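To find a chain, count down the sequence lines: A is the first, B the second, and so on, and within it residues start at 1. What you see is a predicted model; the values in this text were computed from it and never measured.
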Amino acid sequence: MRARLNKAWVLFSVWFAHMSAYRAEIIIWMLSGAIPLIMMAVWIGKARAAGGETGGFNEQQFAAYFLAAWITQQLIVAWVAWELDYQIRQGHLSPKLLRPMDPMWEHFAGHYSERLVRLPFMLLIIAAGLFIVPGTRLTPDIGHVMLYAVSVSLAFCTRFLIAYCIGILAFWFDQATAIDDFYFVAAAFLTGAFAPLEFYPPALRGFIEWTPFPYLVYYPVRVLTGAAQGPEIVRVLGVQVLWAAAFYVLRLALWRRGLARYGAVGA
Amino acid sequence: MSARRYFRVLGIFVRASISAQLEYRVNFAVNLFGSVLLAGGTLLGITILYSDGVALGGWSYRESIVVVGLFTLVQGYIGAFLYPNLNKIGEEVRQGTMDFNLLKPVDAQFLISSRNINVFRLTDALVGVGLVVWAASGLEGASGTGALLGVCLIATALMIVYAVWFMLSTTAFWFVKVGNVTELFNGLFRAGQFPVAALPGWVRLMFTFLIPVAFVTTVPAEAIIGRWNVESVLGAGVVALLLLGVSRWFWTYAISKYTSASS
């Protein structure tokens with residue numbers, strides 16, 4: 001156990017140092033994921049045009065929703081599909097396989113420690129958002145913040161594992177990153193980063209509820225803003241655990257099949 | 001060198017790019033699927049925004065779709081022409097191969113802006129034009145003159161996008177390590193999928209003057225749907241020429257400071 005903790009600590013501190021060196025690039029990536037902030041402006045414009053409220057949301061509630069959506073999107077970002085695709089096609093995966101550790105953990109440590117680099121700049125944007133729309137309450141109490149931390153961690157694991165599964169597809173064909181692009185376009189409109197799901201046509205919403213998408217942004221946001229209470233939070237966390245577990249199992253199955261097929265450059 | 005020779009060189013680049021990419025024909029299907037997905041998602045977004053029946057900043061549903069079409073068209077332009085060329089500047093500065101561009105007997109800016117064309121990303125442009133034509137055909141305000149003016153304004157829009165993208169990529173001469181600076185524009189340009197009137201007060205001003213997104217999609221759309229005014233048309237022309245001039249100056253300044261990778 002001690003040895004494992006030690007291993008994890010070394011991985012995270014090395015990757016934290018690595019990511020800190022790229023802080024300027026990371027801030028640019030953060031600003032490029034501006035969809036929730038742009039949508040915040042558009043929906044506030046709609047609320048104003050409708051006389052202060054539309055669909056049960058007023059200006060402050062839209063601000064809280066989209067600020068929370070932006071934070072959530074920042075915290076679940078995953079680019080592992082691209083890294084894996086590159087490593088598999090270029091043969092860089094081979095030396096990693098010699099280590100007594102699943103290569104997934106190195107990617108995981110990289111993604112996880114990158115969140116810490118994002119944090120200071122994230123707080124700055126939140127402060128700016130709260131200042132620009134006065135009277136916005138992002139969260140009702142510290143309890144919801146802690147439950148959100150659990151919920152967004154599960155959302156991150158799910159998104160990370162989805163990206164990992166997509167990256168593994170590079171064992172079979174060379175357009176794996178295109179599939180991740182498709183995921184990105186679909187996620188922009190189905191996770192709730194574009195609009196609260198209340199505004200979706202009922203038939204479409206009924207369908208989306210059966211996919212993992214709303215559990216990546218929409219439901220964690222409801223947990224943070226306090227729109228979700230007791231029983232709903234329990235249900236959300238339960239479903240999130242199920243999705244994360246499902247993709248973990250899928251990842252493992254794909255990984256074993258893929259490795260059996262792997263013939264690296266020169267091998 | 002005369003303009004004719006530049007056109008000849010451009011023709012050679014286009015032919016070379018096309019023949020290099022026709023080898024990967026599956027990419028065409030993959031890109032077309034991606035374009036349809038992007039346009040479908042954006043349309044879904046517009047539909048959701050109109051679900052309460054209130055017009056978005058005074059723009060009807062169909063009028064907004066003209067904006068969506070132009071947004072998709074510009075995305076295709078970026079993917080086909082800007083990304084495969086300008087985003088290589090950083091890499092070339094890092095490796096020192098930028099020197100070879102500066103030594104050739106053609107204008108270096110022309111060379112690094114036109115060498116590669118990602119033909120398959122033109123699927124976005126196709127889908128975008130399709131959306132504009134479909135949406136405009138059902139609008140009363142749409143006319144021949146409006147369409148003609150729209151085409152001219154799309155040209156100024158592409159100049160604006162080129163100039164901004166080019167300036168951002170030129171910063172690579174100083175910030176060699178920051179390889180993704182054009183994503184800044186890409187992220188903020190998402191606001192261009194809506195008519196700028198949909199944004200509240202000062203955000204609208206920001207996307208008109210600070211980041212000229214309004215001139216890229218909203219102003220050409222206004223011409224196409226027959227709601228244009230002289231001020232914004234002239235404004236688009238002035239902004240385009242100004243940005244092209246500034247970007248040219250910035251580029252000359254950057255290469256005058258460039259000392260190559262090994263020195």
Which portion of B:Thr42 sits near chain A, non-hydrogen atoms under 4.5 angstrom: both
Rounded distance [0.5 Å steps], CD1 in A:Ile35 versus CZ in B:Arg190: 4.5 Å
Other residues, nucleotides, ligands: >12 heavy atoms within 6.0 Å of A:Arg205 CZ: yes
B:Tyr61 atom OH, over 12 foreign heavy atoms within 6.0 Å: yes
Option in B:Gly41, B:Ala191, B:Ala198 with maximal non-hydrogen atom pairs under 4.5 Å from chain A: B:Gly41
Close side-chain approach of A:Met39 to B:Phe194, heavy-atom, < 4.5 Å: yes
A:Ala41 portion near chain B, given a 4.5 angstrom heavy-atom threshold: both
Close side-chain approach of A:Val42 to B:Pro200, heavy-atom, < 4.5 Å: no
For B:Val30 against A:Phe182, the heavy-atom pair lying closest together: O-CZ, 3.4 Å
Heavy-atom closest pair, residues A:Phe199 and B:Ser51: O-OG, 3.7 Å
Whether over 12 other heavy atoms sit under 6.0 Å from A:Arg257 CZ: no
A:Phe131, CZ: over 12 other non-hydrogen atoms inside 6.0 angstrom: no
Part of A:Trp29 within contact of chain B (heavy atom distance under 4.5 Å): both
Over 12 non-hydrogen atoms of neighbours within 6.0 angstrom of OH in A:Tyr22: no
Residue part contacting chain B, namely of A:Ile179, when any heavy atom lies under 4.5 Å: neither
Contact origin within B:Ile48 toward chain A - heavy atom pairs under 4.5 Å: both
Nearest non-hydrogen partners of A:Leu204 and B:Leu44, listed with the distance: CD2-CD1, 3.5 Å
Atom CZ of A:Phe121 with >12 non-hydrogen neighbours under 6.0 angstrom: yes
B:Leu37 CG to A:Tyr183 OH distance, which is reported to the nearest 0.5 Å: 13.0 Å
CH2 (B:Trp251) with more than 12 external heavy atoms under 6.0 Å: yes
Which portion of A:Ile132 sits near chain B, non-hydrogen atoms under 4.5 angstrom: side chain
Nearest atoms (heavy-atom pairs only) where B:Gly187 meets A:Ile38: O-CD1, 3.7 Å
Taking every non-hydrogen atom, the tightest pair across B:Leu49 and A:Phe194: CD1-CZ, 4.2 Å
B:Leu184 CG to A:Leu31 CG distance, which is reported to the nearest 0.5 Å: 6.0 Å
Contacting region of B:Asn180 [heavy-atom separation from chain A under 4.5 Å]: both
Crowding at OH, B:Tyr83 (>12 non-hydrogen neighbours, <6.0 Å): no
